[in-house]
Amino acid sequence: MSRIAVIDFETTGMTPQQGARATEVAIVLLEDGRVVDRFQSLMNGGVWIPPFITQLTGIGNAMVQAAPAAGQVMQDAARFVGDTPLVAHNAAFDRKFWEAELARADLPAAQPFACTVLLSRRLYPEAPSHRLGALAAFHGLPPTGRAHRALADAEMTAALLQRMLATLRERWQVARPDHALLCALQRCAKPALPALLARYADA
DNA sequence: TGCCAGGCCCTCTTTAGGGCCTT
């Protein structure tokens, strides 16, 4: 059985290195490409949320102040994920917050990440944009809720990933795409793509 | 004072620069 956890953070800024903290996390668990479970929580990191972030996400200071402590949320999130490999849209961003918030909670972060932006650039070079909303429109994916809320974006990323898994099966005859293939695919040079996927294709 | 990320990709590239993508 192939398990993948799709994760999305809402935060107060672009990077923890500049003091930004997570305000919400959502995780959608896929087994063999099907959604089987979800985790979502606002989280209180004890920081002020800039107005433009509230305008962007709809997450305000009162909401976060009433939320569980960030450390408790990360403990629950880490337990939910276990050793399941992770996927995110622009994974470099979410991986930094995953690692930073877990480190604050004295928890290890050993899960490998795959990135749907990099995968999309490989699988759909014809897409006009690889932003999450643009890809949803490009593929005709149904709406999942307010954009820039963690669960809605994680659900949309999961739907995009499901579309990618279907593309791998239908266009490239890869019967059981797994996280290891996604990691190889996202870093594979374009000319080498057919050879890589041929190795994974059903004989 | 002015600026502030960073990894990846593309190309009028490779002794580099600019755009994308995430909040």
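Below, read A as the first sequence line, B as the second, and so on, with proteins coming before strands; counting in each chain starts at 1.
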What is the distance, to the nearest angstrom, from the CZ atom on A/Arg131 to the P atom on B/dC21?
7 Å
Considering only atom P, compute the distance from B/dC4 to B/dC9 and round it to an integer number of Å.
24 Å
Rounding to an integer number of Å, can you tell me how far A/Met14 CE sits from B/dG6 P?
11 Å
Among the nucleotides B/dA5, B/dC8, B/dT23, which one has an atom lying closest to any side-chain atom of A/Leu118?
B/dC8
Hey, which of these two, A/Gln186 or A/Leu132, hits DNA chain B nearer its 5' end, going by closest nucleotide?
A/Gln186
Taking a hydrophobic cluster as the set of Ile, Leu, Val, Met, Phe, Trp and Tyr residues connected by side-chain heavy atoms closer than 4.5 Å, whether directly or through intermediates, do A/Ile7 and A/Leu102 fall within one such cluster?
yes
Determine the contact category for A/Phe9: base if any of its heavy atoms lies under 4.0 Å from a base atom, sugar-phosphate if only primed atoms, P, OP1 or OP2 are that close, otherwise nothing.
sugar-phosphate
Given the rule that I, L, V, M, F, W and Y join up when any side-chain heavy atoms are under 4.5 Å apart, are A/Phe97 and A/Leu107 in one cluster?
yes
Are any of A/His148's side-chain N or O atoms less than 4.0 Å away from OP1 or OP2 of B/dT23?
yes
Distance below 4.0 Å between A/Lys190 side-chain N/O and B/dC10 OP1 or OP2
yes
Distance check needed: B/dG7 P versus A/Trp98 CH2, whole Å only.
20 Å
Within the structure, does a side-chain N or O atom of A/His89 lie under 4.0 Å from either OP1 or OP2 of B/dT22?
yes
For the pair A/Tyr124 and A/His139, name the ring-plane relationship: parallel under 30°, tilted 30 to 60°, perpendicular over 60°.
perpendicular
Donor-acceptor contact below 3.5 Å, side chain A/Glu155 vs main chain A/Thr144
no
Proximal nucleotide (of B/dG6, B/dC21, B/dT23) relative to the A/Gln17 side chain
B/dG6
Rounding to an integer number of Å, can you tell me how far A/Phe93 CZ sits from B/dC21 P?
15 Å
When rounded to the nearest Å, what value does the distance between P atoms of B/dC3 and B/dG18 take?
15 Å
With a non-hydrogen cut-off below 4.0 angstrom, is A/Gln55 in contact with a base, only sugar-phosphate, or nothing?
nothing
Which value, in whole Å, describes the distance between the P atoms of nucleotides B/dG2 and B/dG7?
29 Å
Base, sugar-phosphate, or nothing: which does A/Thr12 touch, judged by heavy atoms less than 4.0 Å apart?
nothing
Checking contacts here: which listed nucleotide (B/dC21, B/dC9, B/dT23) is nearest the side-chain heavy atoms of A/Ser129?
B/dC21
Name the closest nucleotide to the A/Arg122 side chain, picking from B/dC4, B/dG6, B/dC9.
B/dC9
Whole angstrom is fine here: how far is it from CG in A/Asn90 over to P in B/dG7?
11 Å
A/Arg121, nearest nucleotide to its side chain (from B/dA5, B/dT22, B/dC20)
B/dC20
Value in whole Å for how far the P atom of B/dT23 lies from CZ of A/Arg149
13 Å
Calculate the interatomic distance between A/Trp48 atom CH2 and B/dT23 atom C1'; express it in whole Å.
14 Å
Taking the side chain as every heavy atom from C-beta outward, state whether A/Leu29 and A/Phe39 have any atom pair closer than 4.5 Å.
no
What integer number of Å spans the C1' atoms of B/dG17 and B/dC12?
11 Å
According to the interplanar angle, ranging from 0 to 90°, do the rings of A/Phe113 and A/Trp98 count as parallel (below 30°), tilted (30 to 60°) or perpendicular (above 60°)?
perpendicular
Nucleotide B/dT22, atom P - distance to CE of A/Met156 in whole Å
12 Å
Is the phosphate of B/dG6 approached by A/Arg95 (side-chain N or O, under 4.0 Å from OP1 or OP2)?
no
A/His179 (side chain) donor-acceptor with A/Leu86 (main chain) under 3.5 angstrom
yes
Could you say whether A/Val117 or A/Ala92 is positioned toward the 5' end of DNA chain B, judged by the nucleotide with the nearest heavy atom to each?
A/Ala92
Where the side chain of A/Asp153 is concerned, which of B/dT22, B/dT23, B/dC8 is the nearest nucleotide?
B/dT23
Nearest listed nucleotide, side chain of A/Glu10, among B/dC21, B/dC10, B/dT23:
B/dT23
For nucleotides B/dG19 and B/dT13, find the distance between their C1' atoms and express it as a whole number of Å.
15 Å
